[in-house]
Amino acid sequence: EDDDLSTVVKKVAFELHPDFLPRVREVHGPPFEVSERGYGSFRLHATIYFRHKSAKPVTVQHFLLLTEPESVHASPDGSPTVAETF
């Protein structure tokens, strides 16, 4: 069951590695996600902006590892694979 975060989240700004342009991606509705192709690893920053005016934005960091579709970690359908480490 998916919860509708848009009742409390106004937008999420994702700051990607400088190789991905545009580097900052703002998502204004669910699902609050970014899809990108590539390989490498970097620390992703996501700033969450809330609908309630008294709630200050929160920035979280997440280490992201993208693998090449041809690698041994590729999905069976050939789609890019994402490995995540907290």
Could you give the side-chain donor-acceptor pairs of residues 42-51 under 3.5 Å, partners two or more places apart or in another chain?
from: T47; atom 1: OG1; to: T59; atom 2: OG1; distance (Å): 2.9
from: R51; atom 1: NE; to: S6; atom 2: O; distance (Å): 2.6

Please list every donor-acceptor pair under 3.5 Å in which a side-chain atom of residues 7-14 meets a protein atom from a residue at least two apart or in another chain.
from: T7; atom 1: OG1; to: D4; atom 2: O; distance (Å): 3.2
from: K11; atom 1: NZ; to: E26; atom 2: OE1; distance (Å): 3.3
from: K11; atom 1: NZ; to: E26; atom 2: OE2; distance (Å): 3.2

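Sorted by first and then second residue, the pairs that involve residues 14-24 and meet salt bridge (Lys or Arg N to Asp or Glu O under 4.0 Å), not counting sequence neighbours, are E15-R23.
V27 and V58 end up in the same hydrophobic cluster when Ile, Leu, Val, Met, Phe, Trp and Tyr side chains are linked at under 4.5 Å.
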